[in-house]
Asker: 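One structure, as structure tokens, below. Some questions next.
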Amino acid sequence: MQTLDQQVIQRLAALGVRYTSGRQAVIRALSAADGPRSAQELFDQLDLPLSSLYRSLAVLEEAEVLTPHHGARGVTRYELAEWAAGHHHHVVCESCGAVDDVHLDPALERELERLVHEIVDSLSFSPTGHALEVEGRCGSCK
């Protein structure tokens, strides 16, 4: 089984792009995070020039290594793509913008999948996946 780094290297190589130390730092930071992170949050954590960080985010997104989430207040947050991080959902604080991952119990995930299919069946729509974001206020902002 390939490591995350090996899989990222393959995806970047398909675009003719190298896996630089900056891109590696972004992947490591997001792998350790408990939810999506904004460019500012990554910049505060990593020792990278802002221009390099933005280039890395763009390249990793293009290679489908990262998934962007365009959230409240126009802030984009990034996380590892589902193939790397596993399937999950999010809770999003409308006040402070915090985003946390939520992993559902398998029975709840099956029920959510059933509901998705029930919703789209009447629309002649073929879903390829789903993502749930619950908006509200976190414990700190209540």
Side-chain angles (χ1 to χ4, degrees), residues 1-48 50 52-142:
M1 179 174 223
Q2 290 185 319
T3 66
L4 177 58
D5 283 332
Q6 290 168 330
Q7 291 176 4
V8 172
I9 288 167
Q10 281 186 327
R11 287 175 176 264
L12 293 174
L15 296 175
V17 178
R18 292 182 308 115
Y19 192 30
T20 63
S21 60
R23 292 175 187 141
Q24 196 171 37
V26 170
I27 294 300
R28 289 215 165 90
L30 290 174
S31 328
D34 58 359
R37 296 292 179 255
S38 68
Q40 182 64 53
E41 290 166 329
L42 290 167
F43 179 72
D44 292 344
Q45 179 181 351
L46 302 172
D47 185 27
L48 289 175
L50 193 56
S52 292
L53 174 61
Y54 276 111
R55 268 194 312 278
S56 291
L57 291 171
V59 166
L60 292 166
E61 181 182 347
E62 183 181 352
E64 298 180 351
V65 174
L66 301 184
T67 300
H69 295 277
H70 308 285
R73 301 168 156 178
V75 174
T76 301
R77 287 186 162 75
Y78 299 86
E79 70 178 346
L80 294 177
E82 190 170 311
W83 64 262
H87 183 72
H88 61 278
H89 305 284
H90 299 111
V91 290
V92 181
C93 181
E94 295 172 322
S95 182
C96 71
V99 180
D100 289 315
D101 290 348
V102 176
H103 296 270
L104 297 180
D105 174 87
L108 282 175
E109 189 63 50
R110 284 190 299 277
E111 180 63 13
L112 181 57
E113 185 74 25
R114 186 193 67 73
L115 289 170
V116 166
H117 283 283
E118 185 177 315
I119 291 166
V120 300
D121 280 349
S122 65
L123 303 172
S124 297
F125 187 84
S126 295
T128 57
H130 68 267
L132 175 67
E133 285 194 355
V134 178
E135 299 170 345
R137 294 191 184 268
C138 68
S140 299
C141 294
K142 273 195 215 177

Asker: For R110 and E113, run salt bridge (Lys or Arg N to Asp or Glu O under 4.0 Å): C-alpha distance rounded to whole Å, both residues' side-chain angles, the deciding distance at 0.1 Å, then the answer.
Answerer: CA-CA 5 Å; R110 284 190 299 277; E113 185 74 25; over 6 Å; no

Asker: What pairs meet the salt bridge (Lys or Arg N to Asp or Glu O under 4.0 Å) rule with one or both residues in residues 61-70, with sequence neighbours excluded?
Answerer: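 Salt bridge (Lys or Arg N to Asp or Glu O under 4.0 Å) check on residues 61-70 returns no pairs.
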
Asker: Can you measure from OG1 (T76) to CG (L57) and round to the nearest 0.5 angstrom?
Answerer: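 Those atoms lie 10.0 Å apart.
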
Asker: How long is the gap from OG on S56 to CG on L46, to the nearest 0.5 Å?
Answerer: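 So the gap between those two atoms works out to 9.5 Å.
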
Asker: Let me confirm one number: the CG-CD1 distance from L12 to I27, rounded to the nearest 0.5 Å.
Answerer: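 Atom-to-atom, L12:CG and I27:CD1 are 8.0 Å apart.
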
Asker: State the SG-CG distance between C93 and D100, to the nearest 0.5 angstrom.
Answerer: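 Result: 9.5 Å between the selected atoms.
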
Asker: Could you walk me through whether C96 and S140 pass the side-chain contact (heavy atoms from CB on, under 4.5 Å) test, one step at a time?
Answerer: CA-CA 9 Å; C96 71; S140 299; over 6 Å; no

Asker: Report yes if some heavy atom in the side chain of L42 is under 4.5 Å from a heavy atom in the side chain of L48; otherwise report no.
Answerer: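 No - every pair of side-chain heavy atoms lies 4.5 Å or more apart.
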
Asker: Flag the pair T3 / V8 as yes when at least one side-chain heavy-atom distance between them is below 4.5 Å, and no otherwise.
Answerer: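 Heavy-atom side-chain distance check fails, nothing below 4.5 Å.
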
Asker: Which salt bridge (Lys or Arg N to Asp or Glu O under 4.0 Å) pairs, counting each pair once, include a residue from residues 13-28, with sequence neighbours left out?
Answerer: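 Sorted pair list: D5-R28.
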
Asker: What is the minimum heavy-atom distance between Q7 and W83, and which atoms define it?
Answerer: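 Scanning both residues, the minimum pair turns out to be OE1-CZ3, 2.6 Å.
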
Asker: Once rounded to the nearest 0.5 Å, what's the spacing between atom CG of L80 and atom OG1 of T67?
Answerer: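 OG1 of T67 is found 8.5 Å from CG of L80.
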
Asker: Quick one: are P36 and Y78 in side-chain contact, heavy atoms under 4.5 Å?
Answerer: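 No; the side chains remain at least 4.5 Å from each other.
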
Asker: Any idea which heavy atoms bring L4 and S31 closest together, and the distance?
Answerer: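 In this case the closest contact between L4 and S31 is CD2-OG, 3.8 Å.
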
Asker: Compare every heavy atom of D101 with every heavy atom of G35, then report the nearest pair and how far apart it is.
Answerer: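 Closest approach of G35 to D101: CA-OD1, 3.4 Å.
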
Asker: Applying side-chain hydrogen bond (donor to acceptor under 3.5 Å, both in side chains), can you list everything that pairs with D47, at least two apart in sequence or on another chain?
Answerer: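 For D47, no residue satisfies side-chain hydrogen bond (donor to acceptor under 3.5 Å, both in side chains) once neighbours in sequence are set aside.
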
Asker: If the condition is salt bridge (charged side-chain N to carboxylate O under 4.0 Å, His left out), which residues does R11 pass it with, not counting sequence neighbours?
Answerer: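 Here no residue qualifies.
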
Asker: For the atom pair CZ (R37) and CG (D44), what is the distance rounded to the nearest 0.5 Å?
Answerer: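 Output value for this atom pair is 11.5 Å.
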
Asker: Heavy atoms, side chains only, cut-off 4.5 Å: are H88 and E79 in contact?
Answerer: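 Counting from C-beta outward, H88 and E79 do come under 4.5 Å.
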
Asker: If you look only at pairs with a residue in residues 133-142, which of them pass as a salt bridge (Lys or Arg N to Asp or Glu O under 4.0 Å), with sequence neighbours excluded?
Answerer: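 Applying salt bridge (Lys or Arg N to Asp or Glu O under 4.0 Å) to every pair that reaches into residues 133-142, excluding sequence neighbours, yields nothing.
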
Asker: Please report the shortest heavy-atom distance between E118 and R114, naming the atom on each side.
Answerer: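 It is OE1-NH1, 2.7 Å.
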
Asker: Could I get the full list of ring pair (Phe, Tyr, Trp, His ring centres under 6.0 Å) partners for H89, not counting sequence neighbours?
Answerer: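 With neighbours one apart ignored, the set is H87, H130.
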
Asker: Does any non-hydrogen side-chain atom of V134 lie less than 4.5 Å from one of V102?
Answerer: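 Not in contact.
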
